[in-house]
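Report on one structure; see the data block that follows.
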Amino acid sequence: VAQVPVAEGKSVQQTVEILTRKLEVLGAEKQGTFCVDCETYHTAASTISSQGQTGKLMYVMHNSEYPLSCFALFENGPCLIADANFDILMVKLKGFFQNAKANKIESRGTRYQYCDFLVKVGTVTMGPSARGISVEVEYCPCVIANDCWNLLMEFMQSFMGNHTPGIPSVFGTKHDSVYSPADTMVQYMELFNKIRKQQQVPVAGIR
């Protein structure tokens, strides 16, 4: 999962169209749509004051590839995979975790199939505005991430060019173990947090 910068002089939507056109020229075929969303929960103030702990953020995420699952992730922490009705449980836990409603972020777009590769090009939005572009690439026959990284790199270069990402940090801890859906969600969480932080930086020179 990687972020692609917006092309110079283009909008987010125009850059997405450039990417998808490149994929279609390669011969990739549309296979429906996808959506990954993320809601942020922070530790309730009452819990922090009574236990003297620092506040923690928890991210509750959904992925249309896994419609019956819900993912709960802590930064630098474990990833819990639960049933889809986990959201109802979070409402009951509002004394411990509170929803930072303004922070909901999602990526949605088109899925493409090219031979054994699955590619998802998404527009990342927060509220009504587009904030960035995500690209997820999966080599379906392989479950050991490090075994196919060079192949993934070569394929990504064919349509992402200079914006081909380096090896994801999640691969470093996996080495030769089996890649799981949770690893994809960790990458989306890192991408969303990076995009959130980019929006908070004031633009120099604009008064």
Side-chain angles (χ1 to χ4, degrees), residues 1-5 33-43 54-87 89-90 93 96-97 99-100 103-109 111-112 117-126 131-153 155-156 160 163-200:
V1 179
Q3 182 182 2
V4 175
T33 57
F34 80 96
C35 178
V36 176
D37 66 55
C38 173
E39 293 205 50
T40 305
Y41 288 82
H42 53 81
T43 316
T54 53
K56 268 192 166 183
L57 293 177
M58 183 169 83
Y59 303 96
V60 176
M61 304 179 70
H62 305 89
N63 186 334
S64 55
E65 280 303 293
Y66 314 105
L68 299 179
S69 299
C70 178
F71 300 83
L73 299 88
F74 286 100
E75 261 183 304
N76 311 317
C79 172
L80 167 76
I81 303 176
D83 287 347
N85 56 6
F86 183 77
D87 294 309
L89 181 64
M90 288 308 296
L93 290 175
F96 301 96
F97 285 102
N99 189 339
N103 259 340
K104 181 165 182 181
I105 186 166
E106 67 175 28
S107 176
R108 73 174 57 232
R111 296 166 87 250
Y112 284 90
F117 293 98
L118 183 61
V119 184
K120 297 174 198 164
V121 181
T123 303
V124 179
T125 54
M126 266 183 87
R131 299 296 176 92
I133 301 158
S134 70
V135 174
E136 178 190 340
V137 182
E138 180 185 345
Y139 180 59
C140 302
C142 185
V143 292
I144 309 294
N146 286 343
D147 286 357
C148 63
W149 177 247
N150 290 338
L151 186 62
L152 274 170
M153 278 280 287
F155 173 61
M156 287 189 288
M160 290 170 75
H163 304 307
T164 303
I167 195 159
S169 56
V170 76
F171 280 26
T173 54
K174 300 295 283 189
H175 292 301
D176 298 324
S177 57
V178 173
Y179 187 87
S180 72
D183 299 320
T184 299
M185 300 313 281
V186 167
Q187 291 179 69
Y188 270 110
M189 177 187 78
E190 289 170 354
L191 173 82
F192 288 160
N193 282 341
K194 189 172 144 197
I195 287 174
R196 274 197 196 100
K197 284 175 184 140
Q198 285 168 350
Q199 301 307 317
Q200 289 162 0

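Formation of a donor-acceptor pair under 3.5 Å by the Asp83 side chain with backbone atoms of Asn85 is not found in this model.
Contact annotation: the side chain of Tyr59 never approaches that of Phe192 to less than 4.5 Å [non-hydrogen atoms, C-beta and beyond]. Counting heavy atoms from C-beta outward, Tyr179 and Cys142 have side chains that stay 4.5 Å or more apart. Side chains of Val4 and Val121 form no contact here, defined as non-hydrogen atoms less than 4.5 Å apart. Val170 has its side chain out of reach of Glu190: every pair of non-hydrogen atoms, C-beta onward, lies at least 4.5 Å apart. Using a 4.5 Å heavy-atom cutoff, the side chains of Gln198 and Gln3 are in contact. You'll find the side chain of Met58 stays beyond 4.5 Å of the side chain of Thr43, heavy atoms only. The side-chain heavy atoms of Val60 and Met90, taken from C-beta on, include a pair separated by under 4.5 Å. No side-chain heavy atom of Pro168 sits less than 4.5 Å from a side-chain heavy atom of Val1.
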Next item on the list: Go through Ile105 and Asp37 one step at a time and tell me if the side chain to side chain contact (heavy atoms under 4.5 Å, CB included) criterion holds.
Entry: CA-CA 6 Å; Ile105 186 166; Asp37 66 55; over 6 Å; no
Margin query: Using the rule given for side chain to side chain contact (heavy atoms under 4.5 Å, CB included), can you reason through Thr164 versus Met153, listing the C-alpha separation, both sets of side-chain angles and the distance that settles it, and then say yes or no?
Written below: CA-CA 7 Å; Thr164 303; Met153 278 280 287; 3.8 Å; yes
Note to self: Run Met126 and Asn103 through side chain to side chain contact (heavy atoms under 4.5 Å, CB included) and show every step you take.
What the structure shows: CA-CA 7 Å; Met126 266 183 87; Asn103 259 340; 3.8 Å; yes
Next item on the list: Give the intermediate values and the outcome of side chain to side chain contact (heavy atoms under 4.5 Å, CB included) for residues Glu39 and Asp87.
Entry: CA-CA 10 Å; Glu39 293 205 50; Asp87 294 309; 5.7 Å; no
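For the atom pair CE of Met61 and OH of Tyr188, the computed distance is 8.5 Å after rounding to the nearest 0.5 Å. Note: Leu57 CG to Tyr41 OH = 13.0 Å, rounded to the nearest 0.5 Å. Separating the OH atom in Tyr66 from the OG1 atom in Thr184 is a distance of 5.0 Å, to the nearest 0.5 Å. Residue Asn146 holds its CG atom at 10.5 Å from CG of Leu152, rounded to the nearest 0.5 Å. Residue Asn63 holds its CG atom at 6.5 Å from CD of Glu136, rounded to the nearest 0.5 Å. Taking SG of Cys35 as the reference point, atom CD of Glu106 lies at 4.5 Å (rounded to 0.5 Å).
Pairing each heavy atom of Pro165 with each of Trp149, the nearest pair is O-CZ2, 3.8 Å. Shown here for Pro67 and Ser64, the closest heavy-atom pair between the two residues is CD-O, 3.5 Å. Across all their heavy atoms, Thr33 and Arg111 have their closest contact at O-CD, 3.3 Å. Listed here is the closest heavy atom pair of Ala84 and Cys70: CA-CB, 4.2 Å. Of all non-hydrogen atoms in Leu191 and Ala2, the two that sit nearest each other are CD1-C, 3.9 Å. Annotation for Ser69 and His62: closest pair O-CD2, 4.3 Å, computed over non-hydrogen atoms.
Side-chain atoms of Arg196 and Thr40 include a donor-acceptor pair closer than 3.5 Å.
Not counting sequence neighbours, the partners of Thr123 by the side-chain contact (heavy atoms from CB on, under 4.5 Å) test are Val12, Gln13, Val16, Thr125, Ala130.
Ring planes of Phe117 and Phe155: parallel class, angle under 30° (limits at 30 and 60°).
Note on residues 164-173: no pairs pass salt bridge (Lys or Arg N to Asp or Glu O under 4.0 Å), not counting sequence neighbours.
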